[in-house]
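Below: one structure, written as structure tokens.
Just so you know, these numbers come straight off a predicted model, no measurement behind them. Quick note: numbers below take in every heavy atom, side chains included, and nothing from hydrogens, waters or symmetry partners. Each chain gets a letter, A, B and so on, in the order the sequences are listed, and its residues count up from 1.
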2 protein chains.
Amino acid sequence: MEDPGTLTSRTRDALTAAQLYYLQDLTMEAIASELHTSRSSVSRLLSHARETGLVDIRVHSPFDIPRQLEDDIARLFGIVAHVVPVPDQTGDADRLERVAVSAARILGTFFDSNMSMGIAWGSTMSAISRHLVPKATQNSTIVQLNGAANPRTTGILYASEILERYGSAYGAHVQQFPVPAFFDDPETKAALWRERSIARLVAMQRELDIAVFGLGSPFAGVPSHVYIGGYLDAADFASLSESGVVGDVATVFYREDGSEDGVALNARSSGPGISVLRGIARRVCVVAGISKIPSLKGALAAGVVTDLIVDSATARRLVDETLAERAPAS
Amino acid sequence: MEDPGTLTSRTRDALTAAQLYYLQDLTMEAIASELHTSRSSVSRLLSHARETGLVDIRVHSPFDIPRQLEDDIARLFGIVAHVVPVPDQTGDADRLERVAVSAARILGTFFDSNMSMGIAWGSTMSAISRHLVPKATQNSTIVQLNGAANPRTTGILYASEILERYGSAYGAHVQQFPVPAFFDDPETKAALWRERSIARLVAMQRELDIAVFGLGSPFAGVPSHVYIGGYLDAADFASLSESGVVGDVATVFYREDGSEDGVALNARSSGPGISVLRGIARRVCVVAGISKIPSLKGALAAGVVTDLIVDSATARRLVDETLAERAPAS
DNA sequence: AAGTCGGTTGCACAAACGTGCAAAGGAATG
DNA sequence: CATTCCTTTGCACGTTTGTGCAACCGACTT
């Protein structure tokens, strides 16, 4: 795909160009003449430098201006929040896109050599995967958190495409999880979990340094991938509704208060249990759009989130609603 | 100087603007409408954000492309080098300017809360001071390394201006060193060094975490500040020339082999001795222009440098000459 | 109230930049 | 050697961005 010789010389140029442009504020014209090429090539070199993570731009607020919403969330839920500013009237698609761009950057700062990261799939994870900033790591692994096959399609292409993008962005090994999202019979799951190949993977999931996931919200305006991809049938939906489920993390369902006891579907789900998730040091949850608020509240109540990346409108709504609930009359 | 109220709101806007611009690649036009202001204001907000260090851009080469010259220098001298790319035909003034810009950035990554940094003065230190990227630190101090008064002027304005810029960039306390650069009588120096106020400062110099300095080169094409500012008379110059001096660090002179024994002027200099310098963990030397090569070689031989920031032409020349000297015939 | 001064705003223009496109390599294949 | 296919290059154009300038704003003085 990439000729290493060309790559090196190209990258070397990109590196100098980036130094001259970002560190010394030269114009591209000036850089072009130093590099004996055209200005447009320099423009392209710089894009290349940005895309491949040669240039690392970060914006950090000085201590004296803590970000209001992030602070509120930290206080209310005891987690670290990254609020992505998005204008309120933005459509859900754009909103997700912009949160995904930021999430992708932030993930780059979380992940490093000798680490393993578990990832779910779904529209959020997919959106992020398209914006990951490459970063060279050694001895690192990306592990799929839950199966993706379903009665209609294998779903494997979809899930493995996401997985693959994470893997190649970080130069990490990838571990697919070749099982259905939901089993028809819980016994099959139990049996499969005893298979050494699968058991190995499940064991890896318990050793992860980071988990990254979006949230599913079954009954909200914008249904998530799981709920429209043919993974669940009418009976399943009825059962979810009956149990009072408000959302899912990696195809594990929970109620608004964070509980999951008695949710029948979870016994058949390939996702890691909520208790397994809670054993992972850093659990990054990415959420865009207020339609996911109920699901988000449930996830927070369940304690599966340590780091939340969310758009400003949703963050504000979350804080407002929570404050209102906790102090019913003022 | 700055109204805190305005500052906060302005900085808050700058912060969002920077997020939207650098982290989400929106155009300034788009940001302007989100912030309900004009596009040009956004442009200015972003400048503000960059100047005040809200945005932090760094360029780092991937492992597989080590930078040739930096590696060579590391191998030859056992120090960390930062080579600033500058086209070869650049004039000395521009060269210094560009090295200074990079040096200023790099210093920002070295210095932090609870640290103390010693700084010399001179054209290099002055150039750097004009490009420092602000960074909030607590409980940190900037200490002047050597006196600046001379028979003609107090020199204090010049030196304290530099000192002040470092201090305010990092929000650090500044410690002036109110003594002449050179004493007429070594006895006066000794006496003054016994004064508690001065002794306190000299003691602080021994506790520094970082020292930053340029190099003086007395007999090269472009003489440094010390040599034209009226600090030295004809007899002094003669004495330096006789002793075989090739340069100075913070008004402490040395020979090409790094030795300083018997250099009469050093007994009268207010600068910290070479042995004091060597007691500081990180000694950052900033050099621009090949005319400083002899002086640079001496400083390296003297072992006063742990981190070198230098332009590419000078770095190349340094490496070439050193290789030639060490392997006289091949 | 008129005046003055430092600082901010938007406009307008020029400079700098991104990108579609056609042409030019350049490697593999027939 | 011709052909094909893919990548890279520079040009040209439209877009995006920086900045001098005049107008404006608020605060404080006379």
Side-chain angles (χ1 to χ4, degrees), chain A residues 1-57 59 65 85 87 94 97-98 101 130-131 133-134 168, chain B residues 1-57 59 65 85 87 94 97-98 101 130-131 133-134 168:
Chain A
M1 181 177 165
E2 274 170 330
D3 169 25
T6 306
L7 176 76
T8 314
S9 113
R10 186 174 157 75
T11 308
R12 190 189 309 279
D13 278 356
L15 203 63
T16 351
Q19 292 213 326
L20 297 176
Y21 190 78
Y22 288 107
L23 267 31
Q24 297 187 36
D25 288 321
L26 300 210
T27 75
M28 294 187 178
E29 195 87 42
I31 300 174
S33 73
E34 283 193 28
L35 258 47
H36 306 292
T37 177
S38 75
R39 189 186 54 73
S40 31
S41 295
V42 174
S43 170
R44 282 186 267 255
L45 275 181
L46 289 173
S47 310
H48 176 72
R50 279 188 304 261
E51 281 162 15
T52 57
L54 256 56
V55 181
D56 168 19
I57 303 184
V59 177
I65 305 191
D94 272 357
E97 203 63 16
R98 288 176 58 167
V101 170
R130 271 178 264 114
H131 297 287
V133 182
S168 71
Chain B
M1 180 178 164
E2 274 169 330
D3 170 24
T6 307
L7 175 77
T8 314
S9 114
R10 186 174 158 75
T11 308
R12 190 188 310 280
D13 278 356
L15 203 63
T16 3
Q19 293 212 329
L20 297 176
Y21 190 77
Y22 288 107
L23 267 32
Q24 296 187 35
D25 289 320
L26 300 210
T27 76
M28 295 187 179
E29 194 88 43
I31 300 173
S33 74
E34 284 193 30
L35 258 47
H36 307 292
T37 179
S38 76
R39 190 189 53 71
S40 29
S41 295
V42 174
S43 169
R44 283 186 266 254
L45 274 182
L46 289 173
S47 308
H48 177 71
R50 280 187 303 261
E51 281 162 15
T52 57
L54 288 177
V55 182
D56 169 20
I57 304 184
V59 176
I65 305 190
D94 272 356
E97 204 62 15
R98 289 176 58 166
V101 170
R130 270 177 265 115
H131 297 287
V133 182
S168 72

Scan for salt bridge (Lys or Arg N to Asp or Glu O under 4.0 Å) pairs involving residues 41-54 of chain B, sequence neighbours excluded, and state none if there are none. none

Could you list the residues that satisfy side chain to side chain donor-acceptor pair (under 3.5 Å) with Thr52(A), not counting sequence neighbours? none

Round to a whole Å and report the spacing from CG of Leu26(A) to C1' of dA15(C). 15 Å

What is the separation between atom CZ on Arg10(A) and atom C1' on dG25(C), rounded to the nearest whole Å? 15 Å

Non-neighbouring partners of Ser168(B) that pass side chain to side chain donor-acceptor pair (under 3.5 Å), sequence neighbours left out: none

Which residues satisfy the side chain to side chain donor-acceptor pair (under 3.5 Å) test with Ser33(A), sequence neighbours excluded? none

Could you pull out all residues at least two apart from Glu34(A) that satisfy side chain to side chain donor-acceptor pair (under 3.5 Å)? Arg98(B)

Output yes when at least one side-chain N/O atom of Tyr21(A) is less than 4.0 Å from OP1 or OP2 of dA16(C), else no. no

Side-chain donor or acceptor of Thr16(B) paired with backbone N/O of Arg12(B) under 3.5 Å: yes

Between atom CG in Leu45(B) and atom P in dG7(C), what is the gap in whole Å? 17 Å

Between residues 27-42 of chain B and DNA chain D, which residues have a heavy-atom gap below 4.0 Å? Thr27(B), Met28(B), Arg39(B), Ser40(B)

Among the candidates dG18(C), dT19(C), dG10(C), find the nucleotide nearest to the side-chain atoms of Arg44(A). dT19(C)

Between dT16(D) (P) and Leu46(A) (CG): distance, integer Å: 19 Å

Grab the NE2-P distance between His48(B) and dT9(C) for me, whole Å please. 11 Å

